[in-house]
Amino acid sequence: MSQSSLQVLAGAVQTCSPQQATFNTLMQQIEQQRELLREWEAATALFHQRYMAEIVPLQQQDLALKEQLLRLFDRLSDQKLAKADQAHLDQLICHYVDEVLASVQNKAKSAELQAIFNRHAEMDDTLPQHASLQRDKTQQTDEWQSNSDTQASPEELLAQFQQAADEQEARHQAAEAARAKGKAQRQDAAKARKQQEADKEASQSVRAVYRKLASSLHPDREPDPLERERKTVLMQRANQAYAAGQLLQLLELQLEVEQIDATHMAGLSTERLKHYSQVLKEQLREIKQEVASIENSLKASFGLSPRDKLAPKKLRPMLAAEVAARKHNLTVLGMQLKVFSQDTSAFKAWLKDSRQFNKE
């Protein structure tokens, strides 16, 4: 990966303070994330193109076969089946109806499928039963209460004393917790004010860079038509970068229009570099979030966990594997539809095996 001109310029500075080193590292990390974002965007565009061309038609075929299969299962449910097999069949039918109904637009078909679902949902006795009654504890409480006229025994007095001591200790702990919470809130408030001040200073640094660019690039001040057109494009880039808070792009524009050079980079104060680094950290965080959003969206498409590793170069082989798996599943569904419609005994044997497999 090639470095940006700004990185090369910053790296050429001979005396590198800790703040300059932090600034340079942040620029490098942002450039790496930019490159990764470009890779993900390219891979995502290819993924969506192939998804629409290859996966969507297979999904439609899958739903069509499952609709035929659930209707066949509904008819075969009249067969004499073991209770456990019947319950498993009811669950399969309801599961297939759930999948198919999500894509059905026809109201009549939707009502028909819903009726099938309701019929088998009512027959499914494996669903958890909700208790409608609870024990009445009022009687227990009444029986526990002692006669108020009876004189307390020494043991009861000791228990009452211990209860009072426990309550006093609880109040003391609650007061301590409240004081600790108040102290923590004050510390958080002070930290928040400090962060707000740092953000304000960082924002002012970005604004200063933008204003310097705007004063130089404003197209209305340029009499030459060609130069005005060039400055219009540059000013649009500056406006976009400023609106997004992208300091690095603004600095790169300054370098492009020769507002900064090696001398300028070497002469940046420690405080200015600190403010710049604050902005770059936020910019880096936003780019990482954008990368993670694209990555997690694609992981969801493949049924992967957010913790699973995924890289742009893996998308093509994963998509090919997904297509192959869906085609294989269509073949299996087609064979089931053909065999079960002709051979009831084969259907019963498969249903029993399926139930036992799911049980395991």
Side-chain angles (χ1 to χ4, degrees), residues 47-130 297-305 308 315-360:
F47 169 81
H48 286 303
Q49 182 182 1
R50 291 193 60 186
Y51 188 91
M52 294 302 297
E54 300 178 50
I55 300 294
V56 170
L58 294 176
Q59 286 178 330
Q60 293 171 343
Q61 294 175 49
D62 178 82
L63 291 173
L65 284 174
K66 284 179 178 176
E67 182 181 348
Q68 295 179 57
L69 203 57
L70 75 87
R71 291 180 184 276
L72 175 62
F73 285 171
D74 181 45
R75 295 194 298 272
L76 292 175
S77 65
D78 293 336
Q79 298 289 321
K80 187 176 181 180
L81 299 172
K83 184 177 180 180
D85 290 342
Q86 181 64 60
H88 182 58
L89 180 60
D90 292 333
Q91 291 177 342
L92 287 174
I93 292 173
C94 290
H95 176 71
Y96 278 176
V97 172
D98 267 341
E99 284 193 57
V100 174
L101 265 180
S103 63
V104 173
Q105 302 295 327
N106 184 281
K107 291 185 178 180
K109 179 186 286 189
S110 178
E112 184 182 357
L113 291 173
Q114 188 64 54
I116 294 175
F117 178 92
N118 293 340
R119 182 162 60 252
H120 290 278
E122 291 172 358
M123 295 170 63
D124 186 0
D125 60 1
T126 65
L127 296 175
Q129 300 298 316
H130 298 286
S297 176
L298 290 169
K299 285 178 182 178
S301 300
F302 288 107
L304 301 176
S305 166
D308 291 331
L315 278 187
R316 191 185 295 270
M318 288 181 68
L319 193 59
E322 179 75 8
V323 170
R326 287 182 177 274
K327 287 182 177 179
H328 173 73
N329 189 56
L330 288 176
T331 301
V332 172
L333 291 174
M335 290 179 60
Q336 289 176 346
L337 188 62
K338 181 178 180 180
V339 172
F340 297 164
S341 62
Q342 298 174 354
D343 188 346
T344 305
S345 60
F347 163 70
K348 290 181 178 180
W350 170 85
L351 183 62
K352 183 178 180 180
D353 290 342
S354 174
R355 174 178 59 81
Q356 291 176 342
F357 177 81
N358 284 359
K359 186 178 181 180
E360 295 174 359

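All values below were derived from every heavy atom in this structure, side-chain atoms included, with hydrogens, water molecules and symmetry-related copies excluded. Residue indices begin at 1 and follow the sequence shown.
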Any Ser305 side-chain heavy atom under 4.5 Å of Lys299 side chain
no

With sequence neighbours excluded, give me every salt bridge (charged side-chain N to carboxylate O under 4.0 Å, His left out) pair touching residues 99-112.
Lys66-Glu99, Glu67-Lys109, Arg71-Glu112

Check the orientation of Phe340 and Phe347. Use parallel for under 30°, tilted for 30 to 60°, and perpendicular for over 60°.
perpendicular

Just checking Gln49: does its CD atom have more than 12 heavy atoms from other residues, nucleotides or ligands closer to it than 6.0 angstrom?
no

Tell me, do Phe302 and Phe47 make a side-chain contact under 4.5 Å, heavy atoms counted?
yes

Show every donor-acceptor pair shorter than 3.5 Å between a side-chain atom in residues 324-331 and any protein atom, with sequence neighbours excluded, or say none if there are none.
residue, atom, partner, partner atom, Å
Arg326, NE, Glu322, OE2, 3.0
Arg326, NH2, Glu322, OE2, 3.3
Asn329, ND2, Asp62, OD1, 3.0
Thr331, OG1, Lys327, O, 3.1

Reported CD-to-CG distance for the pair Glu54 and Leu319, which is rounded to 0.5 angstrom
6.0 Å

Apply side chain to side chain contact (heavy atoms under 4.5 Å, CB included) to the pair Ile55 and Arg50, showing each step before the final yes or no.
CA-CA 7 Å; Ile55 300 294; Arg50 291 193 60 186; over 6 Å; no

Separation between NZ of Lys80 and NZ of Lys348, rounded to the nearest 0.5 Å:
8.5 Å

To the nearest 0.5 Å, what is the distance between OG (Ser77) and CG (Leu70)?
11.0 Å

Within the structure provided, determine whether Arg355 and Asn358 are in side-chain contact (heavy-atom separation under 4.5 Å).
no

Please find the pair of heavy atoms, one from Gly334 and one from Leu65, that lie closest to each other, and give the distance.
N-CD1, 4.1 Å

Should Leu351 and His88 count as side-chain neighbours, where that means a heavy-atom distance under 4.5 Å?
yes

If you measure from the Lys or Arg side-chain nitrogens to the Asp or Glu carboxylate oxygens, is any gap between Asp74 and Arg119 under 4.0 Å?
yes

To the nearest 0.5 Å, what is the distance between CG (Leu69) and CG (Leu63)?
12.5 Å

Report yes or no: does Ser341 contribute a side-chain atom to a donor-acceptor pair with the main-chain N or O of Leu337 at less than 3.5 Å?
yes

Tell me, with the steps shown, if Tyr51 and Gln59 meet side-chain hydrogen bond (donor to acceptor under 3.5 Å, both in side chains).
CA-CA 10 Å; Tyr51 188 91; Gln59 286 178 330; 3.0 Å; yes

Qualifying residues under side chain to side chain contact (heavy atoms under 4.5 Å, CB included), relative to Asp78, sequence neighbours excluded
none

For the CG atom of Asp98 and the CD1 atom of Ile93, what is their distance to the nearest 0.5 Å?
12.5 Å

Rounded to the nearest 0.5 Å, the CG atom of Asp90 sits from the SG atom of Cys94 at a distance of 6.5 Å

For a quick test of reading the model, state the closest non-hydrogen atom pair linking Ser110 to Val104 and the distance between them.
N-CG1, 3.8 Å

Check whether Asp308 reaches the backbone of Leu304 with its side chain - one donor and one acceptor, N or O, closer than 3.5 Å.
no

Check this for me: does any side-chain nitrogen of one of Lys352 and Asp85 sit under 4.0 Å from a carboxylate oxygen of the other?
no

